[in-house]
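Input: a single structure, listed below in structure tokens.
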Amino acid sequence: MKSLELITLLGTIISILLSIIAYFLKQLHGNFRKMEQDVALMKASIQLLKADLKANYNLLRQRMEFLEERRSD
């Protein structure tokens, strides 16, 4: 009889511990998904900034070339 109570108690404790572990794993998975979305958003922002900087650089370079041609004429 005592062994049955002990097995029941151990089963209950193990079940509770597994439930707690599952809860924290679910939270961790949600955090990773949010972080993945944030990283994707950051990558898109960086690409947009790079394109903008490249366009500004090309415009400035064209302007400098125009001024140099004008000066040499």
Side-chain angles (χ1 to χ4, degrees):
M1 201 61 173
K2 249 188 175 187
S3 65
L4 183 61
E5 290 174 8
L6 183 62
I7 291 173
T8 304
L9 180 65
L10 286 175
T12 304
I13 291 172
I14 290 172
S15 178
I16 291 170
L17 289 175
L18 286 175
S19 297
I20 292 171
I21 290 170
Y23 171 77
F24 283 115
L25 285 175
K26 183 179 175 185
Q27 295 295 320
L28 185 64
H29 185 263
N31 289 344
F32 275 121
R33 278 194 168 184
K34 184 173 178 354
M35 185 178 67
E36 188 178 41
Q37 290 173 348
D38 291 344
V39 168
L41 181 63
M42 202 175 349
K43 281 183 179 180
S45 297
I46 288 171
Q47 287 178 347
L48 185 63
L49 286 171
K50 282 172 101 176
D52 191 36
L53 284 172
K54 188 174 182 180
N56 287 337
Y57 172 75
N58 288 335
L59 185 63
L60 183 62
R61 197 181 79 222
Q62 288 175 359
R63 190 171 186 181
M64 288 178 68
E65 287 173 0
F66 173 75
L67 290 174
E68 285 176 359
E69 286 176 10
R70 196 170 161 200
R71 182 187 285 176
S72 64
D73 287 342

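No side-chain heavy atom of L60 sits under 4.5 Å from any side-chain heavy atom of N56. Within the 4.5 Å cutoff, no side-chain heavy atoms of F66 are placed close to those of Q62.
Hydrophobic side-chain contacts under 4.5 Å tie L9 into a cluster, directly or through other members, with I13, L17.
Taking CZ of R61 as the reference point, atom NZ of K54 lies at 9.5 Å (rounded to 0.5 Å). R70 contributes atom CZ, which lies 15.5 Å from atom CD of E65 (distance to the nearest 0.5 angstrom). Rounding to the nearest 0.5 Å places CG of N58 at 11.0 Å from CG of L53. A distance of 10.0 Å separates CD1 of I46 from CG of L41, quoted to the nearest 0.5 Å. Distance check, rounded to the nearest 0.5 Å: CG of L10 to CG of L6 gives 4.5 Å.
The list of side chain to side chain donor-acceptor pair (under 3.5 Å) pairs with a residue in residues 23-49, not counting sequence neighbours, is empty.
With sequence neighbours excluded, no residue forms a side-chain hydrogen bond (donor to acceptor under 3.5 Å, both in side chains) with R63.
For the pairing with L18, the side-chain contact (heavy atoms from CB on, under 4.5 Å) check across I16, I20, I14 returns one residue only, I14.
At distances below 3.5 Å, at least one donor-acceptor pair connects side-chain atoms of S19 with backbone N or O atoms of S15.
In terms of hydrophobic clustering, with Ile, Leu, Val, Met, Phe, Trp and Tyr side chains grouped at heavy-atom distances under 4.5 Å, M35 and L28 are assigned to a common cluster.
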